Structures are given as structure tokens and as C-alpha cells.
**Q** 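First the structure, which I've put down as C-alpha cells, then a few questions once you've had a look.
Side-chain atoms are counted along with the backbone in the values below, which use heavy atoms only and exclude waters and symmetry mates. Whatever order the structure lists ligands and atoms in, that order sets their numbers, starting from 1. What you are looking at is a predicted structure, and each value in this text was computed from that prediction instead of being measured.
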Amino acid sequence: MIVVLKNNVEEEKRNQLIDWLKGMGLGVHISTGESQTVLGLIGDTGKVDAELIDSLEIVESVKRVSETFKCCNRKFHPEDTVVEVGDVKIGGGNFAMIAGPCSVENEEQIVGIARDVKAAGANMLRGGAFKPRTSPYDFQGLKATGLEFLKAAKQETGLPIVTEIMNINDLSLFDDVDVLQVGTRNMQNFDLLKELGQTGKPILLKRGLANTLKELLMSAEYIMASGNENVILCERGIRTYSDYLRNTLDLGAVPMLHELSHLPVIVDPSHATGIARVVPPMAMAATAAGCDGLIIEVHNDPAHALCDGAQSLKPDEYAALVKKIKAVREVI
Ligand code: PEP
Ligand code: MN
């Protein structure tokens, strides 16, 4: 249920109402806009007398929210959430350009790519240290050593780092990581999501490769309901009948997620397509669809990459794409 308060309500009256609602055993999510406050009621609202609340002097309207996701629902929080990662902001008109290799291979590689993508215009560095793979015999990442190399790249360039966490037991290794990525295979690993909800760190939540938008939002909800509101949604392609592409990039997800939720939505055209030459047109299409950022794989030597070389752009190709993205953003 959401309770919209009238403009410029006195703080004391507002707090009295909030205390009364909490006294009924409800959670109250407060969203304060420029002049209006929206209260999102969480819990068993079945017994709440909506008409009584509606009749209060300070209340403008009361609506029941039928969706099962509440904290991430735009009805609860009409304004866009802006996630802050150091000096970088994502959402509400702020655009994230996250780039880097699929996996960290050695210190020289990640530091070199970090310098290149920064020069091209990226504002965050990606790179996997713990790698989920389709075959267990494939390279699974440098793990803790990979995180150390990522830190070196951050120190060298100042770029905040985004990297995947697969197991909550590794959390203490991620202290210096700026954004924790939950990969497609872990989107519904609720134990992991719950624990990540107890960290204050921004979470980049990738859509499961066979999951619906509602399921993605329910996973975001799980993180938020555990106390962490810094969630970035990521569309990274889903399994369909596509034969020549790795996945199908569901671009309609971008405006739909924006309508349903206040969380920022970024797009990963690399894993969505699997083919480097298809990445730039889909990155531009995603930008035109209104995404809040792009996460793109870039490698200095794609032919010899240990992981996902076929979908990795070379640094100069990334630099050319950044210029086009800027041009698309100006148009929209
Ligand atoms: C990745 O970004 O490194 C990755 C493995 O992506 P996904 O989980 O979307 O496959
Ligand atoms: Mn990859």
C-alpha cells in the first residue's frame, strides 16, 4: 500500500502518522521528493483501513500496490534512484560506462586495459576474478590474486572496480571492491542476495539467462529488503531461439524496468550477443532505449583472451564506440 502525503506537510504530523503505521507492525519505506512524501507500507496491509488513512488531513491519496515487489517498485519511490560509486553516479540521468576484460589474466593486462578504457572515456573498470563458466574445465579466474591485480589497476587509474562475487564466504576479500556483481547464474541464489543485502556496497544484479523481469525485480527486492538499497539492474540477454547470437538482448526490458522500478538499469551487449562486431550497434540501441549505463568487455588481445575473446572489443574500437554513445545520448 502507498500513502501519498499532501505537499509540504509538517514534519511532526508526518512523523506521528509514520509512528502510528509502524505501531501496526508495518514497515514504512519513506520516499521524500522535492515537495511530496510517499510512504510505502510493507507487511500485512490486509487489515489496514485504507479509507481511514485516506481521510486524514495530511494524506492526499492511498493506493494498494498489487505487485509482490515493493522496495524496488516505482510506486513506492517515484523518483529515480541514483547509485553512487565514489565520484561516479548511475541513474537519474547519470550514465555509467563500465569496461574491461571478461577476466583478469595478469597485472600488466588489467592495468594496461584500465588505462586504455579510462582514456577512451570509461568511468568504471570491470574484470572477473571469480569466474562462473559453462564448463568446469575452463579457466575459472585468478580469484584472490585477481582481486589484488584489480586493486592495482584502481590505484593506477582511479577507476572504481566492478567484479563478480559467487560465494558469500569470499566476502572479506572484496573489501576494496566498489561494486559487487551478481552474475546471471546467481540471480536467484537467495542466500547470497540476502547476505549482500547486509553489505552497504552497490550491487550490480544481472538478469538470469532464463528469468523474467518480475523474477529479476524480486531478486532486487530480496537485496533491498535485507537493507541495501544500492542495486543496479542489468539486462544481459536471455536464452531464446537465437542461433547466431549467444543470447537475445531484450531491449524492451529497459523502458519496462524503468516503468516498474526506480532502480538504474544498465545493459551488457557483450554477453547478450557474444560477437564483438555486434556489440557497438546493440550498445547504441540500448542507449537509445534509455539505459543508465553500459558494461562492455574490452581486451587488448582478444584473439588470445582466456575468456570471451570473441565478444571483446579492442581498446580503439571501444574508444570509437564511446564517441557514438555520446552522440546517441545527445540526441535522446
Ligand atoms: C560477466 O559479466 O563476467 C559474466 C560472467 O556475465 P553473466 O553473468 O551475465 O554471464
Ligand atoms: Mn565474459
**Q** Between K154 and D176, is there a salt bridge with N-O shorter than 4.0 Å?
**A** no
**Q** Considering only heavy atoms of K131, which atoms of ligand 1 have at least one such atom less than 4.0 Å away?
**A** 1 (C), 3 (O), 5 (C)
**Q** How wide is the angle at the Mn ion (ligand 2) between SG in C102 and NE2 in H271, to the nearest 10°?
**A** 160°
**Q** Salt bridge or not for E317 and R277, using N-O below 4.0 Å?
**A**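 A salt bridge is absent here (no side-chain N lies under 4.0 Å from a carboxylate O).
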**Q** Measure from the Mn ion (ligand 2) to each N, O or S atom of C307 and report whether any distance is below 2.8 Å.
**A** no
**Q** Any carboxylate oxygen within less than 4.0 angstrom of a Lys/Arg side-chain nitrogen, looking at E11 and R14?
**A**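 The answer is no: the pair does not qualify as a salt bridge.
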**Q** Cut-off 3.5 Å, side chains only: do Q109 and N106 have a donor facing an acceptor?
**A** no
**Q** Within a distance under 4.0 Å of any heavy atom of G183, pick out the atoms of ligand 1 and give their elements.
**A**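 That gives atoms 8 (O) of ligand 1.
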**Q** Do NZ/NE/NH1/NH2 and the carboxylate oxygens of K75 and E67 come within less than 4.0 Å?
**A**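 Looking at K75 and E67, the cut-off is met.
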**Q** Any idea which protein heavy atom is nearest atom 6 (O) of ligand 1, and the distance to it?
**A** K206 NZ, 2.9 Å
**Q** With a 4.0 Å cut-off on N to O distance, would you call D308 and K131 a salt bridge?
**A** no
**Q** Backbone N or O of F139 within a donor-acceptor pair of the R133 side chain at under 3.5 Å?
**A** yes
**Q** For the Mn ion (ligand 2), give me the closest N/O/S atom belonging to D308, just the atom name.
**A** OD2
**Q** Can you list the atoms of ligand 1 that are under 4.0 Å from a heavy atom of R185?
**A** 10 (O)
**Q** Considering all heavy atoms of both residues, which atom of A120 and which atom of V322 are nearest to each other, and what is their separation?
**A**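 That closest heavy-atom pairing would be O-CG1, 3.3 Å.
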**Q** Specify the protein heavy atom at minimum distance from atom 4 (C) of ligand 1: its residue, its atom name, and the distance to 0.1 Å.
**A**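 Going by distance alone, atom 4 (C) of ligand 1 is nearest to H271 NE2, 3.5 Å.
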**Q** Going by atom types alone, do H299 and E105 pair a side-chain donor with an acceptor below 3.5 Å?
**A** yes
**Q** Output yes when the distance from some N or O of ligand 1 to some N or O of E164 is under 3.5 Å, and no in every other case.
**A** no
**Q** Need the ligand 1 atom indices (1-based, order shown) with element for anything under 4.0 Å from a heavy-atom of R236.
**A**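 Reading through ligand 1 atom by atom, the close ones are 7 (P), 9 (O), 10 (O).
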**Q** With only distance considered, is Q181 within less than 3.5 Å of ligand 1 through an N or O on each side?
**A**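 Among all N and O atoms of Q181, at least one is under 3.5 Å from an N or O of ligand 1.
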**Q** In terms of residue, atom name and distance, what is the protein heavy atom nearest to atom 8 (O) of ligand 1?
**A** T184 N, 2.8 Å
**Q** What N/O/S atom of E297 gets nearest to the Mn ion (ligand 2)?
**A**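 For E297, the N/O/S atom sitting closest to the Mn ion (ligand 2) is OE2.
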